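Below: one structure, written as structure tokens.
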Amino acid sequence: MAYRTVIVGTDGSASSFRAVSAAASLAAATGATLVLACAYLPMRESERVAAADRLGALAYKVSGSTPADDALRAARGHAAAAGASDVVLAAEQGDAVDVLVSLAARHRADLLVVGNRGLNSLAGRLLGSVPSAVSHRASCDVLIVRTTDGGR
């Protein structure tokens, strides 16, 4: 099966960029469109005011979708280095699982890629994690990339 649309979630962390690189390599090999996705939550008013006080004119860098947009720009560099040429950026407000599943449906994705971070933690085992929840809710194939050592 050749994938036509691959979605990968990133939060700007080094481990998420490993998932981006894996998804980008796969997208490049199959000629698929790669959708880089980053979910963000709105900043509480008290946090926004505190950031504005500390950062002054640079406060915009930590509010709204700006951090997600920054993460996506960095992820695009990793995707390009891995060979992806048809790349779409998607920063959306909401919970990571909801955003990834929604984007996969909207883009009619064939594959959704996430890193394994969260699967090996106690909280992940008890409460669920993004990779676990996505694998249960997505209506397309899900690839969980090993982005952490996890005791290896």
Side-chain angles (χ1 to χ4, degrees), residues 1-44 47 51 58 60-152:
M1 170 175 170
Y3 294 113
R4 295 177 312 269
T5 303
V6 175
I7 294 186
V8 61
T10 183
D11 60 6
S13 66
S15 67
S16 76
F17 291 151
R18 288 192 280 281
V20 167
S21 295
S25 294
L26 200 119
T30 61
T33 297
L34 178 66
V35 179
L36 300 174
C38 186
Y40 65 93
L41 295 172
M43 188 179 278
R44 288 185 291 243
E47 293 171 332
L58 297 177
Y60 74 93
K61 290 185 172 265
V62 296
S63 64
S65 67
T66 301
D69 293 334
D70 291 346
L72 289 173
R73 280 191 290 279
R76 184 189 340 221
H78 289 272
S85 58
D86 183 8
V87 179
V88 175
L89 306 182
E92 292 205 4
Q93 183 175 315
D95 171 74
V97 174
D98 294 337
V99 166
L100 290 171
V101 170
S102 173
L103 282 169
R106 234 178 306 143
H107 285 271
R108 293 186 174 99
D110 309 294
L111 179 67
L112 202 160
V113 179
V114 292
N116 72 315
R117 193 174 84 184
L119 284 176
N120 296 324
S121 70
L122 177 61
R125 288 192 299 272
L126 294 176
L127 304 173
S129 64
V130 170
S132 177
V134 164
S135 71
H136 288 94
R137 291 186 42 202
S139 59
C140 61
D141 290 352
V142 175
L143 172 64
I144 299 174
V145 176
R146 180 165 297 284
T147 60
T148 60
D149 287 338
R152 276 188 176 189

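When reading the values below, keep in mind they use all heavy atoms of this one structure, side chains included, and skip hydrogens, waters and symmetry mates. Owing to the predicted nature of the structure, the values given are computational and were not obtained by experimental measurement.
- With sequence neighbours left out, His107 forms a ring-ring contact (aromatic ring centres under 6.0 Å, His included) with no residue at all.
- Screening residues 129-140 for salt bridge (charged side-chain N to carboxylate O under 4.0 Å, His left out) gives Asp98-Arg137 as the qualifying pairs, with residues at least two apart or on separate chains.
- Atom OH of Tyr3 sits about 9.0 Å away from atom OG1 of Thr30, to the nearest 0.5 Å.
- Partners of Ala96 by side chain to side chain contact (heavy atoms under 4.5 Å, CB included), not counting sequence neighbours, listed by chain and number: Ala39, Val130.
- Of all the heavy atoms in Ala19 and Gly115, the pair that sits closest is CB-N, 3.9 Å.
- In this structure the side chain of Asp141 never reaches within 4.5 angstrom of the side chain of Asp110, judged on heavy atoms.
- Judged as a salt bridge (charged side-chain N to carboxylate O under 4.0 Å, His left out), the pairs with a partner in residues 73-93 (not counting sequence neighbours) are, in order, Asp70-Arg73, Glu92-Arg106.
- A distance of 11.5 Å separates OG in Ser135 from CG in Leu143, rounded to the nearest 0.5 Å.
- Take Ser15 and apply the side-chain hydrogen bond (donor to acceptor under 3.5 Å, both in side chains) test, not counting sequence neighbours, and it matches Ser13.
- Screening residues 81-100 for ring pair (Phe, Tyr, Trp, His ring centres under 6.0 Å), with sequence neighbours left out, gives no hits.
- Within the structure, ring pair (Phe, Tyr, Trp, His ring centres under 6.0 Å) contacts touching residues 66-90 (residues at least two apart or in different chains) are Phe17-His78.
- Residues Pro131 and Val114 are in side-chain contact: their nearest non-hydrogen atoms beyond the backbone lie under 4.5 Å apart.
- Listed for the Asn116 side chain is a donor-acceptor partner under 3.5 Å among the backbone atoms of Thr147.
- Contact detail for Ala82 and Ala24: the closest heavy-atom pair is CB-CB, 3.6 Å.
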**Item:** side-chain contact (heavy atoms from CB on, under 4.5 Å) between Leu26 and Val6, worked out
**Value:** CA-CA 8 Å; Leu26 200 119; Val6 175; 4.3 Å; yes
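- Among residues two or more places apart in sequence or in another chain, the side chain to side chain contact (heavy atoms under 4.5 Å, CB included) test is passed with Leu72 by Thr10, Leu36, Cys38, Leu89, Ala91.
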**Request:** Assess whether side-chain contact (heavy atoms from CB on, under 4.5 Å) is satisfied between Val35 and Thr5, documenting all intermediate values.
**Result:** CA-CA 7 Å; Val35 179; Thr5 303; 4.1 Å; yes
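- Taken from OG in Ser102 to CG in Asp95, the straight-line distance is 11.5 Å, to the nearest 0.5 Å.
- Between Ala109 and Cys140 the shortest heavy-atom distance is O-CB, 3.3 Å.
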**Request:** Determine, stepwise, if the pair Thr33 / Val88 fulfils side-chain contact (heavy atoms from CB on, under 4.5 Å).
**Result:** CA-CA 7 Å; Thr33 297; Val88 175; 3.9 Å; yes
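- Under the side chain to side chain contact (heavy atoms under 4.5 Å, CB included) criterion, Ala37 pairs with Ile7, Leu100, Leu103, sequence neighbours left out.
- Residue pairs meeting the salt bridge (charged side-chain N to carboxylate O under 4.0 Å, His left out) criterion with at least one partner in residues 7-18, sequence neighbours excluded, are Asp11-Arg117.
- The two atoms that bring Leu112 and Ala138 nearest to each other are CD1-CB, 4.4 Å, heavy atoms only.
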